[in-house]
Amino acid sequence: MQRRFALVALAAISGALALPAFAQSEPDTKAKEAEARLAAQGWLVLLDRKDWGRAWETTGSVFRSKVPLGTWMDAIPKVREALGAFTEREAVETAYKTTLQGQPDGEYVTIVFQTKFADKEVAEVVTTVHEKDGKWRVTGYSAQ
């Protein structure tokens with residue numbers, strides 16, 4: 001129950017719990033979706049390695065403003081350690097949006113990964129944002 005609470009609290013704070021409606025991708029959004037998926041996968045590797053601080057440092061500015069480092073460092077180990085060691089991950093859904101509830105207008109890509117851990121299989125939902133410097137960064141994460 002404590003792990004579930006930490007997960008829900010973390011997702012609610014970061015804005016990742018409310019999934020955007022999956023829209024049909026236009027041809028020009030396919031490249032953006034691919035770039036965002038790569039950014040999300042790289043970020044998830046940091047979580048898999050338990051590099052919690054570096055993962056927080058590489059999130060988007062809105063995420064960092066909503067989820068203080070101390071909150072992150074307390075919550076994410078509890079969420080991830082309850083799952084066991086990472087085994088495999090596959091992206092199963094990707095959606096590009098320009099609006100996202102609780103976030104400023106911009107470019108967002110939400111990726112749903114079906115992920116197997118030693119103790120549990122979950123859907124990891126990673127929402128990325130295209131920031132002003134041209135990089136895709138994580139702005140939301142949940143594991144359900």
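Because the structure is a prediction, the values reported are computed rather than measured.
Looking only at distances, no side-chain donor or acceptor of Trp72 sits under 3.5 Å from a matching main-chain atom of Gly53. When atom types are taken as modelled, the side chain of Thr58 and the backbone of Arg54 share a donor-acceptor pair closer than 3.5 angstrom.
With contacts defined as side-chain heavy-atom distances shorter than 4.5 Å, the pair Val92/Gln114 qualifies. You'll find the side chain of Thr94 reaches within 4.5 Å of the side chain of Val109, heavy atoms only. Side-chain atoms of Val122 and Phe117, non-hydrogen and from C-beta on, do get closer than 4.5 Å to each other. Side-chain contact between Trp136 and Arg37 is absent, with no heavy atoms from C-beta onward closer than 4.5 Å. Contact check for Glu93 versus Phe113: no side-chain heavy atoms found under the 4.5 Å cut-off. The side-chain heavy atoms of Leu44 and Val126, taken from C-beta on, include a pair separated by under 4.5 Å.
Of all heavy-atom pairs between Ala91 and Ile111, the closest is CB-CG2, 4.0 Å. The shortest heavy-atom contact between Thr59 and Arg137 is O-CD, 3.6 Å. His130 approaches Gly134 most closely through the heavy-atom pair NE2-O, 3.0 Å. When every heavy atom of Ala123 is checked against every heavy atom of Val112, the shortest pair comes out as CB-CG1, 4.3 Å. Between Gly84 and Asp119 the shortest heavy-atom distance is CA-OD2, 3.5 Å.
Checked for salt-bridge contact, Asp28 and Lys32 miss the test: no charged N lies under 4.0 Å from a carboxylate O. Taking 4.0 Å as the cut-off between side-chain N and carboxylate O, Lys30 and Glu35 do not count as a salt-bridged pair.
There is no path of hydrophobic side-chain contacts, each under 4.5 Å, that joins Val62 to Tyr96. A continuous path of hydrophobic side-chain contacts links Met73 to Tyr141 [ILVMFWY only; heavy atoms under 4.5 Å].
Outside the 6.0 Å centre-distance limit, the rings of Trp56 and Phe63 are not counted as a close aromatic pair.
Note that the CZ atom of Phe86 and the OG1 atom of Thr115 stand 6.5 Å from one another [nearest 0.5 Å]. Remark: Glu57 CD to Leu69 CG distance equals 7.5 Å, nearest 0.5 Å. Distance CG/Leu47 to CH2/Trp52: 6.0 Å, rounded to 0.5 Å. Atom CD1 of Ile76 is separated from atom CD of Glu81 by 10.0 Å, given to the nearest 0.5 angstrom. Here the CD atom belonging to Gln103 is positioned 13.5 Å from the NZ atom belonging to Lys97, to the nearest 0.5 angstrom. Here the straight-line distance linking atom CH2 of Trp43 with atom OG1 of Thr128 works out to 11.0 Å at 0.5 Å rounding.
Counting only N and O atoms by type, the side chains of Thr139 and Thr127 include no donor and acceptor under 3.5 Å apart.
Tested against Leu83 for a side-chain contact (heavy atoms from CB on, under 4.5 Å), the candidates Glu121, Lys120, Glu124 yield a single pass: Lys120.
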